[in-house]
Amino acid sequence: MFDTVIVGAGVAGLTAARLLHAAGRRVVVLEARDRVGGRTWTDRSPGFSVDRGASWIHGLTGNPLTELVEAFGMETSEFTVGSFQAGGRPIANYDEAHRELDEAATEAWLADAAAVEERLAAAAEASEPGESYADVVDRVLAELGWSEERTARARAFHRHRTEEQCGADDADVDAHGLDEDAIDGDEVVFPGGYDALATGLARGLDVRLEQTVTAVEWSGAGVRVTTGSESFEARDVVVTVPLGVLKAAAIDFEPALPETVAAAIARVGMGTFNKVFLQFPERFWQDGAYAIRQLGAGSVPWHSWYDVSAVSGTPMLLTFAGGEWARRIERMPDDEIVASVLDGLRRIYGEAMPEPTGHWITRWGSDPFALGSYSYVARGATYEDHDVIATPIGGVLHLAGEATWGDCPATVNGALLSGHRAAERILGRAIPLRSLAE
Ligand SMILES: Cc1cc2nc3c(=O)[nH]c(=O)nc-3n(C[C@H](O)[C@H](O)[C@H](O)COP(=O)(O)OP(=O)(O)OC[C@H]3O[C@@H](n4cnc5c(N)ncnc54)[C@H](O)[C@@H]3O)c2cc1C
């Protein structure tokens with residue numbers, strides 16, 4: 001008999017498990033995969049780190065991850081482009097004719113991006129319930145009354161922003177869907193791999209791998225959690241499976257989840273966001289730019305290539321697909337995806353560009369233990385809906401995970417804080433987060 005069963009060994013589950021274990025509770029973590037970390041997943045097979053899931057800490061200031069990664073001795077590298085900013089750090093922008101923007105053109109573009117940004121918050125505030133991010137961007141652009149090309153460029157930029165930030169098309173994201181998208185401080189990535197965080201959190205815990213949970217029975221008397229091969233009884237359970245898995249009803253809750261929780265699960269969106277890493281024999285792009293970005297017409301389907309060479313120690317570009325395009329590439333063979341990315345790059349760098357020597361492509365939407373990449377405020381949903389999913393049920397059943405943390409869903413820090421909240425609710429008292437590093 002355990003005190004608490006934790007379902008899922010991602011950052012949320014391991015955080016809750018670690019805090020409860022430190023408080024003297026008997027805890028077991030059940031994980032479907034053959035590894036811990038969930039959507040933080042470092043592939044080291046090429047001889048360097050390829051983070052197939054999360055890469056960034058989105059802002060070091062006031063972030064619970066900052067102290068923790070330091071305590072775990074994780075090497076970081078500054079890379080402040082992780083939130084689809086127009087400026088802030090050097091970006092090599094290319095115009096509609098695939099020519100690099102000079103200084104004056106860059107300034108003009110940044111001023112345009114800032115002008116839209118300035119008006120967006122007020123436009124979202126004034127939006128009607130059920131309006132989308134695309135609706136408010138269109139309204140702002142109509143007010144600005146720019147030329148067709150300027151408008152199209154700003155339009156495309158904001159479209160790509162929801163694809164990257166939400167894994168969803170702008171028409172599917174609520175008008176308020178990027179309200180919480182603020183970055184405080186520098187962003188960093190991990191040359192040694194993000195998975196060291198989960199490995200550190202899992203140290204000393206009873207984690208059972210390849211245990212796919214199929215049912216959770218709960219009552220005032222406790223819980224029974226069933227996997228393909230075993231069943232575990234406990235006083236309470238924390239379920240941290242991704243929102244995609246909850247939406248697919250892959251776990252049978254008995255009794256069913258209360259209507260308020262089930263409705264919030266249905267309303268919040270699960271986005272799809274995939275990564276394509278391309279390794280080249282040598283650099284053919286300019287030094288000093290954090291990213292290469294195609295603006296306006298020609299920015300579909302690929303638009304931003306991030307120079308992650310310093311992270312992997314080899315010439316490497318990383319690009320993303322989000323929303324419908326991300327779902328489509330999951331059905332395409334690797335060589336077709338690579339050829340399509342190279343087409344976009346050739347329009348900028350010409351035919352002399354070398355062929356890649358390696359590629360790594362993710363397919364999170366078809367991953368049965370994720371069924372998507374991260375959650376977002378879908379049209380008609382609210383940030384509060386995220387937190388409603390975590391409403392304690394019957395005093396014994398707690399849902400946690402990035403999708404349950406309304407302040408900053410879709411992040412590793414959101415996952416961590418949701419695990420912390422679940423542990424505090426179970427113990428009925430505050431627990432200092434720094435105890436995670438002990
Ligand atoms: C491509 C990509 C890029 C990202 N980039 C960033 C980034 O740069 N910065 C950032 O902060 N965030 C990023 N994120 C989001 C971040 O990775 C997640 O928000 C966070 O890792 C989620 O943690 P979690 O514990 O909530 O869920 P998970 O890590 O998904 O953990 C849930 C666990 O439950 C397991 N599970 C599922 N079903 C079952 C079952 N039936 N039985 C048992 N176990 C089960 C899963 O295998 C998984 O290990 C990215 C995500 C993706 C996919």
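Note that this is a predicted model, so its numbers are computed, not measured. When a ligand or atom number is given, it counts from 1 through the structure's own listing order.
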What do you reckon, does Tyr374 have a nitrogen or oxygen under 3.5 Å from a nitrogen or oxygen of ligand 1?
-> no
Considering only heavy atoms of Arg52, which atoms of ligand 1 have at least one such atom less than 4.0 Å away?
-> 1 (C)
Heavy atoms only: give me the nearest Ala403-His386 pair and the separation to one decimal.
-> O-ND1, 2.8 Å
So does Asp174 pair up with Arg379, basic N to acidic O under 4.0 Å?
-> no
Quick one: does Ala250 get a heavy atom under 4.0 Å from ligand 1?
-> no
Any N or O on Val245 sitting closer than 3.5 Å to an N or O of ligand 1?
-> no
Are the ring centres of Trp325 and Trp302 closer than 6.0 Å?
-> yes
Going by the order shown, which atoms of ligand 1 are within less than 4.0 Å of some heavy atom of Leu30?
-> 43 (C), 44 (N)
Is Glu402 in polar range of ligand 1, meaning some N or O pair under 3.5 Å apart?
-> yes
Looking only at non-hydrogen atoms, the one of Gly53, Ala16, Gly38 nearest atom 2 (C) of ligand 1 is Gly53
Heavy-atom nearest neighbour in the protein, as seen from atom 31 (O) of ligand 1, with distance rounded to 0.1 Å | Gly10 CA, 3.4 Å
Quick one: pull up OG1 in Thr40 and CG in Asp195 and give me the separation to the nearest 0.5 Å.
-> 6.5 Å
Closest non-hydrogen protein atom to atom 44 (N) of ligand 1, residue and atom name please, with distance?
-> Ala32 N, 3.2 Å
For Phe273, atoms of ligand 1 separated by under 4.0 Å from a heavy atom | 1 (C), 2 (C), 3 (C)
Can you sort out which atoms of ligand 1 are near Gly37, meaning under 4.0 Å from one of its heavy atoms?
-> 29 (O)
Which atoms of ligand 1 sit under 4.0 Å from any heavy atom of Thr240?
-> 32 (C)
Quick look: Trp56 vs ligand 1, heavy-atom contacts under 4.0 Å, and the answer is both
By number and element, which atoms of ligand 1 are closer than 4.0 Å to a non-hydrogen atom of Gln211?
-> 42 (N), 43 (C)
Cationic N near anionic O, under 4.0 Å, Asp170 to Arg155 = yes
Please state which part of Phe369 comes within less than 4.0 Å of ligand 1, counting heavy atoms only: side chain, backbone, both or neither.
-> both
Check the angle between the aromatic planes of Phe79 and Tyr306 and answer parallel, tilted or perpendicular using the 30° and 60° thresholds.
-> perpendicular
Aromatic ring centroids of Phe320 and Trp364 under 6.0 Å?
-> no
How far is atom 23 (O) of ligand 1 from its nearest protein heavy atom, and which residue and atom is that?
-> Ala415 CB, 3.4 Å
Taking both backbone and side-chain atoms of Gly13, is any N or O found less than 3.5 Å from an N or O belonging to ligand 1?
-> no
Close approach of Thr362 to ligand 1, heavy atoms, under 4.0 angstrom | no
For residues 186-227, pull every pair meeting ring-ring contact (aromatic ring centres under 6.0 Å, His included), keeping only residues two or more places apart or in separate chains.
-> Phe190-Tyr194
Tell me, please: is Pro409 in heavy-atom contact with ligand 1, that is, under 4.0 Å?
-> no
Can Arg35 be said to touch ligand 1, with heavy atoms closer than 4.0 Å?
-> no
Below 4.0 angstrom from a heavy atom of Gly401, which ligand 1 atoms are there? Numbered from 1 as shown, please.
-> 26 (O)
Minimum non-hydrogen distance to atom 15 (C) of ligand 1, winning option of Ala198, Ala410, Gly59, Ala370 | Ala410
Closest heavy-atom approach to atom 36 (N) of ligand 1 among Val216, Val241, Val213 is made by Val241
Would one find an N or O of Val412, backbone or side chain, under 3.5 Å from an N or O of ligand 1?
-> yes
Can you tell me the protein heavy atom closest to atom 34 (O) of ligand 1 and the distance?
-> Gly8 CA, 3.3 Å
Run the salt-bridge test on Arg52 and Asp43 with the 4.0 Å N-O cut-off and return the result as yes or no.
-> yes
How far is atom 29 (O) of ligand 1 from its nearest protein heavy atom, and which residue and atom is that?
-> Arg39 N, 2.8 Å
Would you please indicate yes or no on a ring centroid separation below 6.0 angstrom for Phe157 and Trp109?
-> yes
Please say which of Val338, Ile361, Thr357 ends up in a side-chain contact (heavy atoms from CB on, under 4.5 Å) with Leu278.
-> Val338
What residue among Arg161, His160, Gln165 forms side-chain hydrogen bond (donor to acceptor under 3.5 Å, both in side chains) with Glu163?
-> His160
From Leu345 CG over to Met353 CE, what is the distance, rounded to the nearest 0.5 angstrom?
-> 5.0 Å
With respect to atom 49 (O) of ligand 1, which of Arg208, Arg33, Glu31, His58 exhibits the smallest heavy-atom separation?
-> Glu31
min-distance protein heavy atom vs atom 13 (C) of ligand 1 -> Ala54 CB, 3.4 Å
Here the pair of heavy atoms bringing Ser418 nearest to Gly401 is OG-N, 2.8 Å
In terms of side-chain geometry, is the basic nitrogen of Arg421 or Glu424 positioned less than 4.0 Å from the acidic oxygen of its partner?
-> no
If we number the atoms of ligand 1 from 1 as shown, the ones under 4.0 Å from a heavy atom of Ala12 are 25 (O), 26 (O)
Do ligand 1 and Thr212 have nitrogen or oxygen atoms that lie under 3.5 Å from each other?
-> no
Crowding at CD, Gln286 (>12 non-hydrogen neighbours, <6.0 Å) = yes
Examine His303 together with Tyr94 and report whether their ring centres are nearer than 6.0 Å.
-> no
